[in-house]
Structures are given as structure tokens and as C-alpha cells.
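Letters go in sequence order (proteins before strands), and every chain restarts at 1.
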There are 2 protein chains.
Amino acid sequence: MAKNEELDARKLMILKAIIDDYIESSEPVGSRTVAKKYDMGLSSATIRNEMADLEEMGYISSPHTSAGRVPSAKGYRTYVDKILEPAAKDPALANEILTKLEDKMSEYGKLIKACAEIASQLTNYTAIGVTHGNAKNSVKALQLVPVDDNSALVIVVTDDNSVKNKLVSLDRKIAPDVLIEMSGIINRYFYGKPASSVTLMTLNRISEEAGIERSILLPFVDAIFDCIKEIGKDEIYTEGTSLLLRHPEFVSVEKARNFIEMIQNEEMVEKIVNSSEDLGNGLTISIGTENGDDDMSDYSVVSAKFEVDGTCIGTVSVVGPTRMDYKNVIASLEFMKKMLEKKSREGGKKLIPEHFKGDDIGQDVSGESADKDIKP
Amino acid sequence: MAKNEELDARKLMILKAIIDDYIESSEPVGSRTVAKKYDMGLSSATIRNEMADLEEMGYISSPHTSAGRVPSAKGYRTYVDKILEPAAKDPALANEILTKLEDKMSEYGKLIKACAEIASQLTNYTAIGVTHGNAKNSVKALQLVPVDDNSALVIVVTDDNSVKNKLVSLDRKIAPDVLIEMSGIINRYFYGKPASSVTLMTLNRISEEAGIERSILLPFVDAIFDCIKEIGKDEIYTEGTSLLLRHPEFVSVEKARNFIEMIQNEEMVEKIVNSSEDLGNGLTISIGTENGDDDMSDYSVVSAKFEVDGTCIGTVSVVGPTRMDYKNVIASLEFMKKMLEKKSREGGKKLIPEHFKGDDIGQDVSGESADKDIKP
DNA sequence: GTTAGCACTCAATTATCCCGAGTGCTAACG
DNA sequence: CGTTAGCACTCGGGATAATTGAGTGCTAAC
């Protein structure tokens, strides 16, 4: 039989039927089911023959002799690449979602978190949002703000409007105007420079040139470093963990636990999010064994890079069992991606990228005011 | 038999044995086990008689005729209140933990998150940390920082060193020195005043007195409100979700899912954390059915309010099955609580600088309603 | 090439049995 | 009177056997 050939139309149809049914039922699909439920004018015997071929070619397999067939990673792959016709989400959803995102557009952390939340709700799978920290950003503002007699706030703003701050406590009093002067010098020095250029050396130089005592400068240097480090850090939001437990592949708690532990492991998340296989529409998809890691062989991941104003602000990945409703997941992520991009184009000046505040993962500052115009 | 009487020493011993064993094995405890394993010089028959009494009094119950006995909420309660002798954690742990917390002492959100994380690790149960947002804090610093030509950063610092910032974008250019002047005025005005006093009215007054155009002031007002609202907000950190799934009470995925969904529900968390029954040592404990909610009847919660310099910065709650290792959980939380308090005393000046007490300004409208008022 | 028919396979369900942990009760003992 | 040995009884759970039925591969006829 056909070995390395392309699948003919009929085989594709049957493969599609099998996968569709399996996605719906999560149970091995038999020839009779295909023949009856998806009426294709063929008897079960014929389907059986074709299924035998498909199995030989590695698109499906049977868990045991008297069970139906189950799609393999290869099967899902052709399904996703060649069979699946793009589905559209109900445009009415757009408004609903947009209102949810409305007041978060200015803050990437919250935005990505909200997107992950929505993606999870739309798909009924777990969604992981990762912000795209970027240490290569240039410093836009770098300020010291007096807080009280012996403490001050260090604030770093990069050109993508990420803001981090850190409280510095000193063991001596420092006059506010000294601080402000210092702030001015430091700020002028780094304005427009890449964040990575803020090194100890340069700050030493400032010390010399500006004549600021090194022991005073040091704690601030420290804090600045911390802030920059923080800005470059990705933040991870996991939404809808419990949703996955609703799916029948998690009958055993062990699997459930393994999964939860996996997606709480940062390195693993890194791996998950960065699994490649671009789908052409800006989405990336990795099916079962494809994604290298053994622990992940039972799961598929669909990821979307979210961009605002041309810069990537983060990634949202939907993680589910290989028997995942790819159609819906892809449609959902595509939908959100497009919506967001349209919004960011329209929103123009309104959609000023604001900061995500850095002290924690999860709950951050909200940005409401930025999109309000000043009305004289 | 003894009805409303206190339990005598022997009954207490037996109850303790039953609970200890049940905590360890998670299986109903029989009379033979108690007699043999915890040698108390009594035959199983005698134990049986005593157990019958204990059952009648409601301290234990048997799932079915031929199973051993299981402690009831009432049983656990006497165990916790009367039987449990305080245990101490290994002091060597202290250093390890302290280093973990070291660089988080200045930021309460991170600190509480880290505490919850450690609590979860120490106990092997899920821990929930909730920061204690406090709108009554006074404003310590309130600054506007120029970021670029048409955007500026609003920064609010309260006396417990909570910092929130917000980027404000303007549709016109604003000169840095104007901003700085404005900043100075606003800051002086609110320095030491309670955060709740920052109302629309007062800002209107500033506009008049300082002669700043209202339309310029407005977006900043908005941002300040947002920041204050955020500072007053509680943040929730859930750590070690998957740990609970390690315990045998979660054999069924359903239970696991219910639990996870429960602790991801904010209102539920509120309930969980605020369950009372003070234990005298600053800990609070709620056992099974005690905590009102039906969904929580299978779980127990031990909570500790964490204080730094006399002010409550948040709560860490350990949530586990009623068959929880109370001894260890209580010891762990007590340990952390003490450690933190000691640390905060030692570190004194570094942690919380001076408290500023000022007279209230005018009307005490809450941040929220005031926020509504602003919108044109 | 398609299809009806048939023998065969094997997981999953159900029924059945059996074991043993644990109980309550009774009677004997110090 | 409290304690204990002994015994009949209960009942959940584990093991085993029987049954079912969905699904297959193969063959032969259309």
C-alpha cells in the first residue's frame, strides 16, 4: 500500500473523522462509528481497510487489538497542517473580551495575565501567559525620589515603559535637593542608553565625574541593578489550572499532579512556551512527542506571541492533552491575537504602553487613567 | 457513661493515640492498634470500651461497622486545644529561611508570598498568603516624575512603604520643571496625611490654591486615585497547590479539582483566611465543619497574622485535610511568625521608618467613590 | 474496489467468593 | 467494679471468574 505517499482525499476524510470523533469522545474510534456517524457512503469494512493503511503509515494506532484507533502525533500534525479549515470565533465575543481588556491595555503584565485568563476560558484548557522582559531596552528615565529623611525610591523606566522601583534605606540622612541633583545627573547620563550598559564601571565614572561620594552612590547603584534585573525578568501567569482536571485524561490524580507540578516549574514553562513549529498565522504549535521533553509527550501546546505596536509583549500558550480541540484553540488564540493587534492600531495614542509593575507576579497595578483624555 | 464531663486522662491518651495514628496513616484506627502500637498497658477490649465512650461523646466516629475509628472535628479540636504540646522547629532552619527572606523584607507583597512559599514547604500543604492592604495608611511621598515629553510617572508611597506607580500620558507636552513644581506642591500637601484623605475635593483645593490648571491636574488625580486604590487592595498568593494532591484524601480527581477551584476563588480565600478560633499564640485555627462553609468541611485551616513593627502586613494560612499534621503546621507557622517578628525588631530602623501622623484633611470620601466623581 | 459475514480478541464490566480487620457483647477474673 | 479473654457477627475490599460487546482481520462474494 501507499507508503511514503501523500494521503489521498478519502484517507484524509477518514483521518479527520477519526480525530474529530476522538477529540469529542476521548475514546478510540472504531470503523463502524466512522462509517455511520460521518456518513461517507462507505461500509465499515472499507473504512477498516483504509484504517489499516493509516495505521501502517503511522497516522493512527490502536491501543489494543479490539479497540478502535487513536490518532498519533503524526496524525494530529497532518490534521492541524492540512485538514483543519480555519474557524472563526463569534465576533460578538470581541466586544465582551475587549471590555475585559479595556483597562488593562496599558499594563503588559496585567494584559498578558488577562489574555491568558480569557484564552483559558475560551478553550477550557490551562493557559500560560509569559511577559516578554527585555534587557536590551534602553533606559528612558532613571530617577531618585526622596521618601523620607533616610530613604529614597529608585525608579527605572525603559523605553517600552516598563517601570521598576526599589526603596533604598540609608544609614544617614540625605537632603532631598542633593538627591534630586544626583537624580538629574544619573538620569542625563543614562538617557537613551541600553539598560545593559548600566554597569558598575559607568557608575564609578559618574561618581568621579559628578563628584558624588562613592559610599552614597553605592546603595543606589545596587537598587538600580536590581530594577534592571527585574525589568529583564519574565513573569509567568498560569490560568485555569483546574480546568484541565475536567478532561478525562486526568482520571488519575497522579497525572493531574504531574501536570500541575510541571506547569509550575519555570524551566518547564520556558520549554513549553518556546516549542516551535510555526503555523504561519503567527501561532506556534507543538504536539505530544514533538516537543522533545518526555514529560510533555502527552500534551500539546499552542502558543501565540502577542504584539502591541509592533513589539512583542509576551506569549500566551494553551496547554492541553494531545487530544485537544485544536480547531477551537487555534481559533481562539488567533482571534485574540488579531483583536489585540487591531485594538492596538486603532487605540493609537490611547494605547500607550504603560508599565508592568515589578514587585510581584499576579497582582499588579491597574492602569485606568492612561486612556482618559484630558477634557479642558 | 460520662456524658458532658471532661475527658479523663486515659480517654485523652486514647484520643491522642487515635488521632496521632490517623494523621500518620490516614486510615481508621482500631482498638488493637491503639493497644499494641501505643503501649498503654491495657487490652484491646478495654480500649474498645473507652472508644465506644469516645464515640458516644462525639470525639470519634466509625465510617462503618467493621472499620476502626476516625476523629471528628470535635476530636481534633480537643486534640489541638488540650492535648497537643507545643513542638519546636529546628533552629537551624531559621538561618536558611532568613536568608530566603532577607532581600524581601522591604516589600510586603514579596515577603508574604515568600512566607507562604516557605510555610507550604515546611508543612507539605497548600499555603495561602494574603497581604493586608490598608487604605488608612498615610501618604509618605507623592511624586510626579517626568518620563518623556508627554508622559510622567505618578508615584505614591505610604508610610508602610507600599509603593505604587502609574504612568500618565498627556495629549500635550509638559515641561519637566512644571511637573517638578507641581510634584512639590502636591507632595507637601499630602505629606503625612492618611491616604483616604486624598479626595477630589482636596485636589480641587490644590488646584485653586496652587493655581494649577485643573485640566492638567486631572489625569494625575486619576492616577493617584488608582495608586491609592491599589495600595488598599489585598493580594493573594497561593503556594504549593500540587502538594495537597500528594495526600491520600485526594484519590479522586473530583475532590482535587474542587479543592483547587475553591482556593482559586477569592471570596472563598477571604472566608478561609478569616476563619477565627484564636489559639492564643497568635494563630487561628478552624477545623472541618467549624468553618461554616460546606465545601470546606473536609479541610482545616491554620492561619497566622504576620506583623512587622506592630502592624499587620498580611496573613499566611495553611490549608489541609482535617487529618492534618496540626503539630507540625502550628509549629511551622509559630516559628515563622516569631522569626519574622524578631527579625523586624532587630532590623528595626531599616524595615519601617518613622510613622507620620497628620491631621485629616477635610472630607473622608473613600477612594472608590471619589474616583467615580472625577469622571466627566 | 467494495462489502457482507464470520471467527476471533481482549479490555472492561459484573458477579461471586472469601478474607480479615474490627466491633459489640458476654462471661469470667482479680 | 474495672479489666480482660473469647466469640459470633459485620462488612468493605481484594481476588477471581464469568460475561459482555466493541472492534478487528480475513475471506469470499458482488
Side-chain angles (χ1 to χ4, degrees), chain A residues 1-2 5 7-15 17-19 21-22 24-72 248-249 251-252, chain B residues 1-2 5 7-15 17-19 21-22 24-72 248-249 251-252:
Chain A
M1 256 283 107
E5 296 173 26
L7 295 176
D8 59 39
R10 199 168 74 178
K11 282 202 173 56
L12 278 178
M13 266 190 74
I14 293 174
L15 181 58
I18 292 172
I19 296 185
D21 201 77
Y22 188 64
E24 190 193 323
S25 72
S26 85
E27 249 140 60
V29 186
S31 54
R32 224 179 83 95
T33 313
V34 174
K36 231 180 33 178
K37 204 162 151 192
Y38 306 81
D39 46 10
M40 32 186 68
L42 289 172
S43 78
S44 64
T46 311
I47 308 283
R48 267 206 292 286
N49 287 331
E50 296 286 46
M51 279 164 78
D53 289 353
L54 284 171
E55 179 159 19
E56 202 191 346
M57 292 186 254
Y59 291 97
I60 53 180
S61 69
S62 57
H64 59 86
T65 334
S66 70
R69 302 309 214 290
V70 161
S72 67
E249 13 274 305
V251 274
S252 87
Chain B
M1 259 283 109
E5 297 172 26
L7 296 176
D8 59 41
R10 198 168 75 179
K11 283 201 171 60
L12 279 177
M13 267 190 74
I14 293 174
L15 182 58
I18 293 173
I19 296 185
D21 201 76
Y22 188 63
E24 190 193 322
S25 72
S26 84
E27 249 142 57
V29 187
S31 54
R32 225 179 82 93
T33 314
V34 174
K36 232 180 32 178
K37 205 162 151 192
Y38 307 81
D39 46 10
M40 34 186 69
L42 290 171
S43 78
S44 66
T46 311
I47 309 282
R48 266 206 293 286
N49 287 330
E50 296 287 46
M51 278 164 79
D53 289 351
L54 284 170
E55 179 159 18
E56 203 191 345
M57 292 187 256
Y59 291 97
I60 54 181
S61 69
S62 58
H64 60 84
T65 334
S66 71
R69 302 308 214 291
V70 161
S72 67
E249 13 274 304
V251 275
S252 88

Requested in this report: Using atom CD of A:E50 as one end and atom C1' of C:dT2 as the other, report the distance to the nearest whole Å.
Outcome: 11 Å

Query raised in the report: Listed by chain and number, what are the salt bridge (charged side-chain N to carboxylate O under 4.0 Å, His left out) partners of B:E27, not counting sequence neighbours?
Result: none

Requested in this report: Nearest 0.5 Å please: distance from the CG atom of B:L12 over to the CG atom of B:L7.
Outcome: 5.0 Å

**Report entry** Sequence-distant partners of A:R32, side chain to side chain donor-acceptor pair (under 3.5 Å), two or more places apart
**Finding:** none

Query - Euclidean distance, B:M40 CE relative to B:T46 OG1, rounded to 0.5 Å - result: 11.5 Å

Report task. For nucleotides 23-30 of chain D, just jot down a letter per nucleotide in 5' to 3' order: B, S or -, based on protein non-hydrogen atoms under 4.0 Å. Result -> SBBB----

**Report entry** Spacing of NZ belonging to B:K11 relative to CD1 belonging to B:I60, to within rounding of 0.5 Å
**Finding:** 10.5 Å

Query raised in the report: For the pair made of CG in B:D21 and C1' in C:dG22, what is the distance, rounded to whole Å?
Result: 14 Å

**Report entry** A:S44 side-chain N/O to A:A35 backbone N/O, donor-acceptor pair under 3.5 Å
**Finding:** no

Report task. Could you grab the distance from atom CE of B:M13 to atom CG of B:D8, nearest 0.5 Å is fine? Result -> 11.0 Å

Requested in this report: Using Watson-Crick or G-U wobble pairs with both distances under 3.5 Å, give me DNA chain D in dot-bracket, 5' to 3', with [ ] for crossers and | for pairs to another strand.
Outcome: ||||||||||||||||||||||||||||||

Query raised in the report: Applying the side chain to side chain contact (heavy atoms under 4.5 Å, CB included) test to A:V29, which of A:I14, A:I18, A:V70 qualifies?
Result: A:I18

Query raised in the report: Hey, can you pull the residues of residues 36-44 of chain B with a non-hydrogen atom under 4.0 angstrom from DNA chain C?
Result: none

Report task. Specify the separation, in whole Å, of atom CD of A:E27 and atom P of D:dG21. Result -> 16 Å

Query raised in the report: What integer distance in Å separates B:D8:CG from D:dC1:P?
Result: 17 Å

**Report entry** Atom-to-atom span, CD1 of B:I47 to C1' of D:dG2 - whole angstrom
**Finding:** 13 Å

Query raised in the report: B:S72 side chain to B:Y59 main-chain N or O, any donor-acceptor pair under 3.5 Å?
Result: yes

**Report entry** Full working for side chain to side chain contact (heavy atoms under 4.5 Å, CB included) between A:V34 and A:D21
**Finding:** CA-CA 8 Å; A:V34 174; A:D21 201 77; over 6 Å; no

Query raised in the report: Which residues satisfy the side chain to side chain donor-acceptor pair (under 3.5 Å) test with A:N49, sequence neighbours excluded?
Result: none

